[in-house]
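What follows is a single structure, written as C-alpha cells, with notes after it.
Keep in mind that the numbers below use all heavy atoms, side chains included, and drop hydrogens, waters and symmetry copies.
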Amino acid sequence: MDESQGIDLRLGYVTDLYYSILNTKAPKQLDLLDEWFPGFIVAEREEQGKVDAEYVDTEFTIYASRYNGSLYSSGSSSRVSQILGRLIGTAKSNQEKERKTAELIQKDVANIIITNEDATDILGSTVHEHLTELSEEQLKQFHNKLIGVIWDSTVDRYEKDVYDRLNEPFPMDDEVWDGLMYNIGYQLHLFSYDGLVNAYMWLLLGGLLRNEVGRVVRMYHSGFSAVNKQQSETGMILDKLNYLFFPEEYHSTYSGDDMEKRFPGVSWQCDKCGDILDSQPGFDDHMPVWQCRKCGYLNKIDFSTINSNTEDYINGISYTEEDIDDFNRAIEVRKKELEDNE
C-alpha cells in the first residue's frame with residue numbers, strides 16, 4: 001500500500017506491515033486469510049486442482065481447493081472475489097455487491113472468538129509462528145513500526161471530519177477504535193515478545209473485523225484474558241440469564257493442568273491499577289498477599305477477592321461458601337482425571 005495515501009487499517013495493510021519487514025510478497029487473498037485466520041473463514045476441500053472456490057452462506061465459509069501449493073482462486077466466481085475484496089480491504093466502495101456478506105462473516109468470526117476459548121490460542125500460536133521468522137533486529141523494527149502505525153493512524157483518524165469517519169467502508173465507532181488502539185498500545189508498551197504477539201493479534205482482528213472487533217474488546221483485556229464475562233456454558237445470552245437466576249443448576253468445571261497453583265484457572269488482577277499479577281516476575285498465588293510490581297498496592301490473594309466477572313467485581317460480589325466448595329470440587333475432579341490419564 002502507498003503510505004502517501006494515508007494509513008488504512010484494513011487486513012491487507014496490516015499483514016503488509018509484516019511482509020515488508022521480511023521483504024517478501026504477501027500471499028494471494030485466500031491464502032492470506034487462511035494463513036492468519038486458519039479455519040475461521042476458509043476451508044480446504046479434499047479435491048485438488050483448478051476447482052473454483054465457493055462461498056456457503058449458511059456456514060460463513062469459503063471452500064477452496066489447493067493447486068500448486070496454494071489455494072486456487074483464479075477463475076473463481078465474482079462473488080467470492082467480491083467477498084475477499086471486502087475482507088482484505090482491496091475493494092473500498094461502500095456500495096459494492098458483497099459488503100453485507102462480508103459483514104456477516106465478520107460477525108461470525110467475532111462470535112467464534114467470543115464463545116470459543118481456544119480461538120485466541122489458535123490466533124496467538126499463528127502469530128507466534130510467523131514472528132519466529134523474524135530476526136531479533138527485525139522484531140525490534142516490527143515493534144517500532146507498529147508503534148508508529150497506531151500513533152499515526154489515530155492522529156490521522158481524529159484529524160478527519162466526523163462525517164468522513166462514519167462514511168468509510170465498514171466504519172469503526174470511535175469507542176471501538178479507542179479501545180482497540182489502547183489494547184495494542186498497552187501490549188507494545190510492555191516491550192516483550194508476548195506483548196508484541198498480542199499487539200499484532202489485536203491489529204489483525206481490527207483489520208479483519210472492523211467495528212465487530214468492539215465485541216471482542218469488551219470481552220478481553222489487552223492480553224486476551226477474558227473479562228466482563230458472565231459465567232455460562234455456551235456464552236449465549238439465554239444461558240447467561242439462566243445462570244444468573246438459577247445458579248444451582250450449574251457446577252464449576254476445570255480442564256487445565258496448572259495444578260501447582262493454589263487457584264488453578266484464576267487470573268489475578270491488581271485491585272488498584274488493573275495490571276495482571278500473574279505476569280509479574282515471581283508471582284505465586286500461594287502467598288497471602290502480593291505487592292503489585294507496577295503500582296505497589298498490596299493485593300490479598302484468597303477466595304474473598306475472587307470475582308466471576310467484572311460486573312461482580314464492580315458490585316462487590318465475591319465467592320460464597322457454596323462457590324468455594326464448588327471450585328474445590330472442580331479442582332479435585334480435574335486432579336483425578338489427570339491422575340487417571342498418567
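Across every non-hydrogen atom of G206 and V213, the tightest pair is N-CG2, 4.0 Å. Nearest heavy-atom pair across A26 and D16 is CB-OD1, 3.7 Å. Taking all atoms of both residues into account, the shortest heavy-atom contact from K145 to S20 is NZ-OG, 2.8 Å. For the residue pair V80 and A53, the shortest heavy atom distance occurs at CG2-O, 3.6 Å. Residues W268 and D302 share a closest heavy-atom pair of CH2-O, 3.6 Å. L131 and F142 make their closest contact through CD2-CE2, 3.7 Å (heavy atoms, listed as atom of the first residue, atom of the second, distance).
Y182 and W151 sit in two unconnected hydrophobic clusters of ILVMFWY residues. Membership requires side-chain heavy atoms under 4.5 Å apart, directly or through other members. L134 and V14 end up in the same hydrophobic cluster when Ile, Leu, Val, Met, Phe, Trp and Tyr side chains are linked at under 4.5 Å. No continuous path of ILVMFWY side-chain contacts below 4.5 Å connects Y63 to L84, so the two sit in separate hydrophobic clusters. Cluster membership for V333 and V266, using ILVMFWY side-chain heavy atoms within less than 4.5 angstrom, is not shared. Following chains of ILVMFWY side-chain contacts shorter than 4.5 Å, one can reach I112 starting from W36, so the two form part of one hydrophobic cluster.
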Checklist line | Criterion side chain to side chain contact (heavy atoms under 4.5 Å, CB included) on Y13 and V149, from CA distance to verdict | finding: CA-CA 11 Å; Y13 174 77; V149 164; 3.7 Å; yes

Next item on the list: Report the C-alpha separation of F283 and I276 in whole Å, then their side-chain angles, then the decisive distance to 0.1 Å, and conclude whether the side chain to side chain contact (heavy atoms under 4.5 Å, CB included) test is met.
Entry: CA-CA 10 Å; F283 177 79; I276 304 304; over 6 Å; no

Next item on the list: Might you work through the side chain to side chain contact (heavy atoms under 4.5 Å, CB included) test for F40 and D108, ending with a clear yes or no?
Entry: CA-CA 9 Å; F40 285 80; D108 184 63; over 6 Å; no

Notebook entry, point to check: Does the pair T132 and Y193 meet the rule for a side chain to side chain contact (heavy atoms under 4.5 Å, CB included), with working shown?
Noted result: CA-CA 10 Å; T132 56; Y193 177 77; 4.0 Å; yes

Checklist line | E59 and Y55: CA distance, side-chain angles, deciding distance, side chain to side chain donor-acceptor pair (under 3.5 Å) verdict | finding: CA-CA 8 Å; E59 300 177 25; Y55 175 70; over 6 Å; no

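The structure places CG of D257 at 13.0 Å from NZ of K335, a figure rounded to the nearest 0.5 Å. Residue L208 holds its CG atom at 7.5 Å from CD1 of I88, rounded to the nearest 0.5 Å. To the nearest 0.5 Å, atom CG of residue L180 and atom CG of residue L205 are 8.0 Å apart. For the atom pair CE (M181) and CD1 (I150), the distance works out to 6.5 Å, reported to the nearest 0.5 Å. The CG atom of N307 sits 6.0 Å away from atom CG of D312, with the distance rounded to the nearest 0.5 Å. Here T115 contributes atom OG1 and M219 contributes atom CE; the two are 9.0 Å apart, rounded to the nearest 0.5 Å.
Under the side chain to side chain contact (heavy atoms under 4.5 Å, CB included) criterion, S125 pairs with no residue at all, not counting sequence neighbours.
Between the S318 side chain and the T305 main chain, no donor and acceptor come within less than 3.5 Å of each other. The closest donor-acceptor contact from the side chain of R99 to the backbone of Q82 lies at 3.5 Å or more, if one exists at all. The closest donor-acceptor contact from the side chain of R66 to the backbone of G69 lies under 3.5 Å. Distance alone, capped at 3.5 Å, is enough to place a donor-acceptor pair between the Q138 side chain and the S135 backbone. Of the possible polar contacts, none joining the N299 side chain to the C270 backbone as a donor-acceptor pair under 3.5 Å is found. Judged by distance alone, the side chain of D278 and the main-chain N or O of S267 form no donor-acceptor pair under 3.5 Å. Side-chain atoms of Q187 come within 3.5 Å of backbone atoms of S222 as a donor-acceptor pair (strictly under, hydrogens ignored). Not one N or O on the side chain of Q106 forms a donor-acceptor pair closer than 3.5 Å with the backbone of E212. Distance alone, capped at 3.5 Å, places no donor-acceptor pair between the N211 side chain and the L209 backbone. Remark: the backbone N or O of C292 is not paired with any side-chain donor or acceptor of D275 at under 3.5 angstrom.
Using a 4.0 Å cut-off between charged nitrogen and carboxylate oxygen, E337 and R334 count as a salt-bridge pair. One finds no salt bridge joining K300 and D271 here, because no Lys/Arg side-chain nitrogen approaches an Asp/Glu carboxylate oxygen to under 4.0 Å. Salt bridge E332/R329: absent, no basic N to carboxylate O contact under 4.0 Å.
A donor and an acceptor atom, one from each side chain of H130 and E35, are located under 3.5 Å apart.
When side chains are defined from C-beta on, I301 counts as touching F263, because their heavy atoms get closer than 4.5 Å. Using a 4.5 Å heavy-atom cutoff, the side chains of F327 and Y319 are in contact. A heavy-atom distance below 4.5 Å is found between the side chains of F60 and L104. K25 places none of its side-chain heavy atoms less than 4.5 Å from the side chain of Y19. Counting only heavy atoms from C-beta outward, the side chains of R45 and V51 approach each other to under 4.5 Å. Within the 4.5 Å cutoff, the side chain of L17 has heavy atoms near those of the L146 side chain. Contact annotation: the side chain of M259 approaches that of L338 to within less than 4.5 Å [non-hydrogen atoms, C-beta and beyond]. Between I21 and L139 the shortest side-chain heavy-atom distance does not fall below 4.5 Å.
Ring orientation note: the planes of Y18 and Y200 are tilted relative to one another, at an angle of 30° to 60°. The aromatic rings of H189 and Y186 sit tilted, their planes meeting at an angle between 30° and 60°.
In this structure, K107 places its NZ atom where only 12 or fewer heavy-atom neighbours from other residues, nucleotides or ligands lie under 6.0 Å away. At most 12 non-hydrogen atoms from other residues, nucleotides or ligands lie less than 6.0 angstrom from CG of N23. Summarising the local packing, CD of Q48 is surrounded by more than 12 heavy atoms from other residues, nucleotides or ligands at distances under 6.0 Å. When the shell of 6.0 Å around CD of E260 is examined, it contains 12 or fewer heavy atoms from other residues, nucleotides or ligands.
Each of D174, D178, D152 was compared with R157 under the salt bridge (Lys or Arg N to Asp or Glu O under 4.0 Å) criterion, and only D174 meets it. Among I331, D325, D326, D323, the one residue that satisfies the side chain to side chain contact (heavy atoms under 4.5 Å, CB included) test with S252 is D326. A side chain to side chain contact (heavy atoms under 4.5 Å, CB included) with V127 is found for exactly one of V197, L203, N198, namely V197.
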